[in-house]
Protein chains: 2
Amino acid sequence: MADPIYRRIAEQLREQIESGELVPGAQLPTELELRERFNASRNTIRDAVKSLIALGLVETRPGQGTFVTERIEPFVTTLSADPKTGLGGGEGVTYQDEGRAQQRVATATDPRVEIQLAAGVVPVLLKIPEGAQVVSRHQQRLIDNTPWSLQTSFYPMKFVTAGGATRLLEASSIENGTVKYIEETVHLKQLGYRDWITVRSPDTNETAFFRLPGDGRVGVFEILRTAFDQDLNPMRLTITVFPTDRNQFIVNVGELPGG
Amino acid sequence: MADPIYRRIAEQLREQIESGELVPGAQLPTELELRERFNASRNTIRDAVKSLIALGLVETRPGQGTFVTERIEPFVTTLSADPKTGLGGGEGVTYQDEGRAQQRVATATDPRVEIQLAAGVVPVLLKIPEGAQVVSRHQQRLIDNTPWSLQTSFYPMKFVTAGGATRLLEASSIENGTVKYIEETVHLKQLGYRDWITVRSPDTNETAFFRLPGDGRVGVFEILRTAFDQDLNPMRLTITVFPTDRNQFIVNVGELPGG
DNA sequence: GCAAATTTGTTCGTATGTATT
DNA sequence: CAATACATACGAACAAATTTG
């Protein structure tokens with residue numbers, strides 16, 4: 001009697017799933033059937049199923065039953081730049097190209113543009129005073145109609161007021177990407193960037209948009225990209241959030257085959 | 001009656017935690033006290049607490065109580081190479097240097113060395129036949145005595161049999177790193193690598209070693225690094241597993257300040 | 001060192017609500 | 001509307017871990 005009952009039941013079900021006896025998408029026996037099979041109370045069965053949910057092995061649908069989860073085909077983003085363009089993965093045009101390269105349809109909403117006061121990490125990474133004005137451009141991105149990432153870019157308001165990059169304020173995407181647009185207007189060329197990768201629990205907005213389970217079981221990548229200009233000053237901060245259940249990343253360094 | 005009771009209770013407790021009213025490490029009221037305060041049954045209170053556990057906000061200790069979780073000071077690993085050495089983060093000597101740079105003590109166990117038959121992703125990424133012999137070198141790594149990562153490197157057995165890199169079979173760490181040792185013996189120079197970053201649930205070994213909660217709530221980064229030689233052939237595959245609750249990563253691309 | 005008290009963990013039973021077919 | 005299946009909620013009892021006296 002080492003392990004509690006619910007855990008031993010969970011263990012048996014887990015073996016059935018991992019052995020392939022229960023394939024992804026297949027329905028498990030109902031709680032009442034499992035109650036008879038394992039000779040335990042319905043609450044104990046439910047505890048067992050809950051632990052499998054926590055492991056991401058099954059999901060329950062009210063009124064329908066319990067099903068083995070089907071793995072989402074992951075989308076792979078390359079974080080390191082093409083050495084020639086200096087552009088990185090998930091940036092502007094590149095994003096749609098990467099979607100196409102994986103034979104999938106990438107779309108993005110028109111950006112929601114706001115003028116905000118820099119707070120939190122924004123002034124720190126952009127090296128501007130706390131409370132200074134910044135342009136925030138926020139986009140939702142989908143692949144094959146599945147919500148894939150939430151992206152917000154912050155630019156110093158100076159780019160608009162002193163640099164003439166007025167289209168940063170327009171709520172429409174900038175063709176050829178903002179990197180090129182800023183180079184043409186403000187004359188700041190992006191020569192490099194630093195990505196800072198963390199994983200955390202999703203907030204309520206993210207849980208809703210990505211349709212994640214409400215229990216915070218699936219985390220999200222949060223990638224902070226600070227881009228630097230030719231004088232090595234920060235010129236842009238982009239924060240992108242990706243669910244960990246459908247995203248993977250590649251970093252290329254040095255000389256590689258198939259480049 | 002939109003939200004269930006347990007969720008409204010969880011919501012109130014969450015606000016107390018996020019507002020700072022309950023600081024990290026502080027003890028929550030006991031289940032019996034919460035039962036009176038919210039006028040609900042003990043099971044309903046427990047459901048509320050469970051949802052906070054799933055969010056990583058609190059932890060329970062049998063016989064003691066429920067406490068607000070204390071955040072672990074994250075360790076940051078740089079994945080992109082120093083352009084001069086071609087060495088990447090978490091590799092050999094660099095690993096200890098990064099530990100020191102963050103004022104922390106990094107240690108590693110002596111490697112457990114095995115000769116295995118290539119299976120799974122190993123032959124695919126190393127571009128050797130499935131079932132070919134490989135040298136596997138496995139290390140546990142700690143920082144400030146906290147388990148931090150599990151690393152396994154795979155080398156083609158040819159390096160030993162035909163290249164004379166016999167010390168790859170020794171169960172002791174190779175000073176100056178294996179990258180340099182292979183360059184000196186097999187005459188293969190590491191000019192680049194590709195990192196493939198995923199997040200998944202920990203297996204039972206990892207859960208035990210990292211002392212993670214048993215419910216699979218905390219995920220692990222799995223980073224597959226394929227290193228390439230001067231002929232752009234794969235020469236090494238290193239798989240490293242890091243818990244997401246205590247690890248973050250940096251990727252530097254292009255020209256950056258403070259280099 | 002031991003016993004009692006405290007606190008969370010497990011298990012059962014039961015009733016009712018909500019979503020889907 | 002009825003049947004089915006999971007979700008929520010309450011009550012109760014005992015077990016296991018920890019602290020306290």
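Below, chain A is the first sequence line, B the second, and so on; all start at residue 1.
- In this structure, A:Arg61 reaches the sugar-phosphate backbone alone: every heavy-atom distance under 4.0 Å involves primed, P, OP1 or OP2 atoms, never a base.
- Atom pair A:Ile53:CD1 and D:dA7:C1' shows a separation of 11 Å (rounding to whole Å applied).
- A salt bridge between B:Arg35 and B:Glu31 is absent, with no side-chain N of the basic residue lying under 4.0 Å from a carboxylate O of the acidic one.
- For the residue pair A:Arg42 and A:Thr44, no side-chain donor N or O sits within less than 3.5 Å of a side-chain acceptor on the partner.
- The nearest heavy atom of DNA chain C to B:Thr30 and to A:Ala40 marks one nucleotide each, and the one closer to the 5' end goes with B:Thr30.
- Whole-Å rounding puts the A:Asp3 CG to C:dT11 C1' distance at 15 Å.
- Considering only the side chain of A:Arg46, D:dA7 comes nearest among D:dA7, C:dC12, D:dA9.
- Taking atom CD on A:Glu59 and atom C1' on D:dA7, their separation rounds to 16 Å, with Å as the unit.
- At a threshold of 4.0 angstrom between heavy atoms, the contacts of A:Arg7 are confined to the sugar-phosphate backbone, with no base atom among them.
- Electrostatic pairing of A:Arg8 and A:Asp3 does not count as a salt bridge here, judged by no charged N lying under 4.0 Å from a carboxylate O.
- The A:Gln64 side chain lies nearest to C:dT21 when the options are C:dT21, C:dC12, D:dC6.
- Closest approach to the A:Pro62 side chain among D:dA17, D:dC10, D:dA7 is made by D:dA7 (side chain taken as heavy atoms from C-beta onward).
- Nucleotide C:dG9 holds its C1' atom 13 Å from the CG atom of B:Asp47, rounded to whole Å.
- Comparing B:Ser41 and A:Glu33 by the nucleotide of DNA chain D that holds the closest heavy atom to each, the one mapping nearer the 5' end is A:Glu33.
- Side-chain nitrogen and oxygen atoms of B:Thr60 include none within less than 4.0 Å of the OP1 or OP2 phosphate oxygen of C:dT7.
- Residue B:Asn43 places its side chain closer to D:dA12 than to any other of C:dG9, D:dA12, D:dA9.
- Atom CD in B:Gln27 sits about 14 Å away from atom P in D:dT18, given to the nearest Å.
- Distance from the side chain of A:Arg42 is smallest for D:dC6 among the nucleotides C:dT8, D:dA9, D:dC6.
- The distance between atom CD of B:Glu36 and atom P of D:dG11, rounded to the nearest whole Å, is 12 Å.
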Next item on the list: Test side chain to side chain contact (heavy atoms under 4.5 Å, CB included) on A:Leu150 and A:Glu206 and set out the steps.
Entry: CA-CA 8 Å; A:Leu150 286 169; A:Glu206 293 155 355; 4.0 Å; yes
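- Among the nucleotides C:dT8, C:dT10, D:dA9, the one closest to the side chain of B:Thr44 is D:dA9.
- Salt bridge A:Glu33/A:Arg37: absent, no basic N to carboxylate O contact under 4.0 Å.
- Counting to the nearest Å, the P atom of D:dG11 and the CG atom of B:Leu32 are 13 Å from each other.
- Between the C1' atom of C:dT10 and the NZ atom of B:Lys50 lies a distance of 9 Å, rounded to the nearest Å.
- In the set C:dT8, D:dA7, D:dT8, D:dA7 carries the atom at the smallest distance from any side-chain atom of A:Glu31.
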